[in-house]
Amino acid sequence: MTTVTSILKQALAHETQGAAIYSQAAEITTHDESRMLFLELAQMEEGHAKQLIDRAAKAGADVDCDELKQFVDAEEEKPAPPQMLQEIANGDMRGVLNVALRFEQEAVQNYRTLLEMAQSNEMKILCQELVQEEEDHVKQIERTLLSLDWGIEERPDL
């Protein structure tokens with residue numbers, strides 16, 4: 001039987017992996033524009049992990065927040081996947097955004113899967129909110145990708 005804690009751990013692992021990917025990418029890129037984007041994305045993913053724990057507790061989910069925080073701490077020790085880092089190592093903004101887009105699309109799918117697995121109404125509501133939030137991130141990255149074809153002064157997101 002899938003527990004609320006195991007559902008949350010799956011989501012937290014993805015968010016933590018995102019923070020690791022973006023943080024390490026910020027360290028290896030030589031392009032300032034890409035570095036700024038990576039740092040922003042890393043901070044966003046770190047915030048998601050904290051938000052997820054807080055929101056689950058507020059939703060009345062039967063979770064041990066200390067256990068989840070310890071899980072996040074352990075996940076933070078894991079390195080980012082080398083293949084993703086290789087894809088973004090050159091700092092090309094289009095490549096960076098394509099990696100971010102795939103990662104956020106994966107997050108949407110993860111939360112949809114978790115929504116299907118959720119048993120309590122509180123967790124279903126939480127997962128629905130997280131699906132919407134991640135879909136918003138996908139749209140933001142897609143807009144930013146489109147803006148790469150515009151002049152610098154016309155770019156709203158960079």
Side-chain angles (χ1 to χ4, degrees), residues 1-29 34-91 93 95-145 157:
M1 180 173 123
T2 303
T3 66
V4 171
T5 299
S6 66
I7 291 171
L8 289 171
K9 283 182 176 179
Q10 289 175 35
L12 289 167
H14 186 79
E15 298 294 352
T16 305
Q17 182 183 41
I21 290 166
Y22 297 136
S23 292
Q24 288 184 14
E27 290 177 20
I28 62 174
T29 189
S34 296
R35 183 175 294 108
M36 289 173 26
L37 177 63
F38 286 142
L39 292 172
E40 182 180 323
L41 289 169
Q43 186 176 26
M44 182 176 63
E45 298 298 336
E46 289 168 358
H48 288 170
K50 182 181 179 332
Q51 262 185 343
L52 186 54
I53 293 170
D54 293 345
R55 289 167 75 184
K58 288 178 184 173
D62 184 22
V63 297
D64 181 342
C65 290
D66 289 334
E67 177 187 348
L68 293 176
K69 289 175 184 174
Q70 289 173 359
F71 176 79
V72 168
D73 289 344
E75 288 293 305
E76 287 174 345
E77 299 298 317
K78 295 179 180 177
Q83 76 227 30
M84 291 188 96
L85 292 178
Q86 288 173 352
E87 284 186 69
I88 53 184
N90 70 3
M93 187 59 75
V96 167
L97 290 170
N98 281 320
V99 169
L101 180 61
R102 286 194 319 267
F103 190 82
E104 295 299 330
Q105 288 169 332
E106 186 178 310
V108 169
Q109 188 55 49
N110 286 343
Y111 285 125
R112 284 185 179 147
T113 300
L114 295 175
L115 174 60
E116 292 172 10
M117 295 169 57
Q119 296 174 357
S120 73
N121 285 337
E122 294 87 3
M123 282 306 298
K124 288 179 183 182
I125 291 168
L126 175 61
C127 289
Q128 287 170 334
E129 290 173 2
L130 292 168
V131 164
Q132 183 61 53
E133 188 174 317
E134 297 295 350
E135 285 176 340
D136 290 345
H137 296 158
V138 167
K139 289 175 188 173
Q140 180 184 15
I141 292 169
E142 288 173 338
R143 279 192 312 271
T144 304
L145 265 167
D157 293 331

Participant: By side-chain hydrogen bond (donor to acceptor under 3.5 Å, both in side chains), which residues pair with Q51, not counting sequence neighbours?
Facilitator: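 Here no residue qualifies.
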
Participant: Just jot down the side-chain hydrogen bond (donor to acceptor under 3.5 Å, both in side chains) partners of D136, sequence neighbours excluded, or say none.
Facilitator: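 side-chain hydrogen bond (donor to acceptor under 3.5 Å, both in side chains) check on D136 returns Q132.
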
Participant: Suppose we screen for side-chain hydrogen bond (donor to acceptor under 3.5 Å, both in side chains). Which residues come up paired with K124, at least two apart in sequence or across chains?
Facilitator: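 Partners of K124 by the side-chain hydrogen bond (donor to acceptor under 3.5 Å, both in side chains) criterion come out as none, since no residue qualifies.
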
Participant: Rounded to the nearest 0.5 Å, how far apart are CG of D64 and CD1 of I53?
Facilitator: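 Rounded to the nearest 0.5 Å, the CG-CD1 separation comes out at 10.0 Å.
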
Participant: Testing E15, H14, Q109 one by one against E134 for a side-chain contact (heavy atoms from CB on, under 4.5 Å), which residue passes?
Facilitator: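 For E134, the side-chain contact (heavy atoms from CB on, under 4.5 Å) check succeeds only for E15.
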
Participant: If every non-hydrogen atom of V131 is compared with every non-hydrogen atom of R112, which pair is closest and at what distance?
Facilitator: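 Of all heavy-atom pairs spanning V131 and R112, the closest is CG2-N, 3.7 Å.
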
Participant: Return the set of residues passing salt bridge (Lys or Arg N to Asp or Glu O under 4.0 Å) with E142 (not counting sequence neighbours), or none when no residue passes.
Facilitator: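 For E142, no residue satisfies salt bridge (Lys or Arg N to Asp or Glu O under 4.0 Å) once neighbours in sequence are set aside.
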
Participant: Heavy atoms only: give me the nearest E135-V108 pair and the separation to one decimal.
Facilitator: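 Taking E135 first and V108 second, the nearest heavy atoms are N-CG2, 3.6 Å.
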
Participant: Restricting to pairs with a member in residues 75-85, which pass salt bridge (Lys or Arg N to Asp or Glu O under 4.0 Å), not counting sequence neighbours?
Facilitator: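 Listed once each, the pairs are E75-K78.
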
Participant: How would you list all residue pairs meeting ring-ring contact (aromatic ring centres under 6.0 Å, His included) that involve residues 70-89, not counting sequence neighbours?
Facilitator: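 Output for this query is empty, none listed.
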
Participant: Quick one: side chain to side chain donor-acceptor pair (under 3.5 Å) pairs with a partner in residues 18-28, sequence neighbours left out?
Facilitator: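 Not a single pair qualifies under side chain to side chain donor-acceptor pair (under 3.5 Å).
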
Participant: So do V99 and R102 actually touch side chain to side chain, heavy atoms under 4.5 Å?
Facilitator: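 Sidechains of V99 and R102: in contact.
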
Participant: Sequence neighbours excluded, which residues qualify as side-chain contact (heavy atoms from CB on, under 4.5 Å) partners of M44?
Facilitator: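 Counting only residues at least two positions away or on another chain, M44 forms a side-chain contact (heavy atoms from CB on, under 4.5 Å) with L41, H48, E104, H137.
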
Participant: Show the nearest heavy-atom pair for residues L97 and I141, with the distance to one decimal.
Facilitator: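 Reported closest heavy-atom pair: O-CG2, 3.5 Å.
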
Participant: Pairs in or reaching into residues 41-52: which pass salt bridge (Lys or Arg N to Asp or Glu O under 4.0 Å), with residues at least two apart or in two chains?
Facilitator: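 Of all non-adjacent pairs touching residues 41-52, those that pass salt bridge (Lys or Arg N to Asp or Glu O under 4.0 Å) are K50-D54.
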
Participant: Quick one: list whatever passes salt bridge (Lys or Arg N to Asp or Glu O under 4.0 Å) with E133, sequence neighbours left out.
Facilitator: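 For E133 the salt bridge (Lys or Arg N to Asp or Glu O under 4.0 Å) partners, ignoring immediate neighbours, are R55.
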
Participant: According to the ring-ring contact (aromatic ring centres under 6.0 Å, His included) rule, which pairs have a member within residues 109-129, sequence neighbours left out?
Facilitator: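 Listed once each, the pairs would be none.
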
Participant: Once you round to the nearest 0.5 Å, how far does CG of L52 lie from SG of C127?
Facilitator: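 So the gap between those two atoms works out to 8.0 Å.
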
Participant: Taking atom CG of L115 and atom CG of N110, what is their separation to the nearest 0.5 Å?
Facilitator: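 It is 12.5 Å, given to the nearest 0.5 Å.
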
